[in-house]
Amino acid sequence: MVYYIRFLKTPRFQKQKPGSISVSALICITTDLGDAFLAQDVDLLVTLGLNHSGKILYQEPLSWKAGKRELPIMLGPFSANIAQQTIVLGVAATDSQKRRSPSPDRLLGNSSLPLVMSAWSAPFGRSPSSVAEKLVERRFGPKDRLGLRIWEETGNSIARHIWDAAVASVIYLEQIVTGDPAVSVPLLQKLLRGERSSPLHVLELGSGCGIVGIALAELLPHCSVVLTDLAEVEDIVTQNIAVAKPAHSSELEFCTLDWDDELPSDLCGGSVDLILVSDCTYNADSLPALVSVLSRLVQMSPDAIILVALKRRHESESVFFDLMQSAGLHNLHLDQKQLPSQHDQFDQIELRCYGREERQMLPNQ
Ligand SMILES: C[S@@+](CC[C@H](N)C(=O)[O-])C[C@H]1O[C@@H](n2cnc3c(N)ncnc32)[C@H](O)[C@@H]1O
């Protein structure tokens, strides 16, 4: 599984002797669930940069050692003038042979995904505060192509951070949209690459921070993406929508949708082509509600395709497949995507397309 650099304490200025100041933070490196720390040594590069220009002011190597649960960062002392500027602190895993300023993680653009996801802090310094907000920014993609930027919260919320299946969904969707020959999934290729006279209507359930739907809206012109989740994600997802750069004629919006509630009558203008669901099957108790909302959406739009990305975490999740079958939602296509894991291992994410008709049905899994 992928590991994520997290801020246990976000960066802040600390006054030293008169006229000097240092920058401190506390990080750890854990799985998406936060249930395990990275148990291998990794070289890190910590960077202080100007918020607006990105100009690097200072950088310093650091090491994460197997067995650690946290790692303090203490940079400086610097001249107190540094606190007059608005700064961002970045922490990235790096190749110890080539220490240089960290670039965005290569999620997009046919490049391999890193084992450790870098973290950038919220701005701090002169404004708005000398302590960075409890947020972390993930930056994906080569600089010259699509650059996806997603904010997460630093706490332990399930909803307000990125999960591994979402990362796999973004890679998968990017491969389909760009026509990567390594992926052959005609149902989705037709939907995402075919001619369209009207915008493609996409709905994401349990969007969390919104990474999957936002990535699709940035990749695909002429699509309308509605991200949905419980009200608790509204602040973080609207912050991400505000900084997103949708492709030509594409748009993004968020609306609250609890799977237990009625569907709003005006959802997606009453018709949806693609439903995205990533890492929403981890809790067996909520699976009947999830399948019920999927079933109601497909009644509303009988031709809709559902793309479910899941990482098998417990045996109990397999009830999802039975519930989908009972609801008449058939598994039309199955792909697996490998994500890197520690000690050169890999983790499997399943990407399953479901639909109402038995178009190219797989045997029941
Ligand atoms: C593990 S998170 C996955 C978030 C995001 N899709 C990702 O992969 O990064 C599961 C999401 O499902 C949402 N969720 C759980 N129960 C829900 C319900 N009854 N109605 C709507 N959303 C729900 C949670 O709020 C959370 O955002």
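Keep in mind that what you see is a predicted model, and the values were worked out from it rather than measured. Remember, it's 1-based here, ligands and their atoms both numbered in the order they're listed.
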For H161, atoms of ligand 1 separated by under 4.0 Å from a heavy atom: 9 (O)
Check whether the side chains of T30 and R6 place a donor and an acceptor atom closer than 3.5 Å, and report yes or no. yes
the protein heavy atom lying closest to atom 19 (N) of ligand 1 turns out to be D258 OD1, 3.2 Å
For Y172 and D335: C-alpha separation, side-chain torsions, deciding distance, then whether side-chain hydrogen bond (donor to acceptor under 3.5 Å, both in side chains) applies. CA-CA 9 Å; Y172 191 62; D335 270 325; 2.5 Å; yes
Under 4.0 Å from a heavy atom of I162: give me the atoms of ligand 1 that qualify, with their elements. 9 (O)
Need the ligand 1 atom indices (1-based, order shown) with element for anything under 4.0 Å from a heavy-atom of L257. 20 (N), 21 (C)
Would A165 count as a contact of ligand 1 if the rule is a heavy atom under 4.0 Å away? no
For atom 7 (C) of ligand 1, the closest protein heavy atom turns out to be A166 CB, 3.5 Å
Which ligand 1 atoms, with their elements, are less than 4.0 angstrom from a heavy-atom of D279? 1 (C), 2 (S), 3 (C), 8 (O), 10 (C)
Step through the shown structure and confirm whether more than 12 heavy atoms of other residues, nucleotides or ligands are within 6.0 Å of NE2 on H248. no
Going by the order shown, which atoms of ligand 1 are within less than 4.0 Å of some heavy atom of S207? 5 (C), 6 (N)
Which protein non-hydrogen atom lies closest to atom 15 (C) of ligand 1, naming both residue and atom, and how far is it? W259 CH2, 3.7 Å
Is the ring pair W64/F37 parallel, tilted or perpendicular, if the boundaries are 30 and 60 degrees? parallel
Kindly assign one of parallel, tilted or perpendicular to the pair Y282 and W163, based on the angle between their ring planes and the thresholds 30° and 60°. parallel
Taking atom CG of D261 as the centre, report whether more than 12 heavy atoms of other residues, nucleotides or ligands fall under 6.0 Å from it. yes
Identity of the nearest option to atom 25 (O) of ligand 1, non-hydrogen atoms only, from L230, D229, L310: D229
Short N-O contact, R312 and E350, less than 4.0 angstrom: yes
Pair Y3, Q342 - check side-chain hydrogen bond (donor to acceptor under 3.5 Å, both in side chains), show working. CA-CA 8 Å; Y3 287 78; Q342 58 187 356; 3.2 Å; yes
Please report whether ligand 1 has a polar contact with W163, defined as an N or O pair separated by less than 3.5 Å (distance criterion only). yes
Report yes or no: does C280 have a heavy atom closer than 4.0 Å to ligand 1? yes
Please indicate whether any nitrogen or oxygen in G206 is less than 3.5 Å from any nitrogen or oxygen in ligand 1. yes
Quick one about Q175 and K337 (side-chain donor to acceptor, distance below 3.5 Å, no hydrogens or angles considered), yes or no? yes
Between S278 and ligand 1, is there a nitrogen or oxygen pair with a distance under 3.5 Å? yes
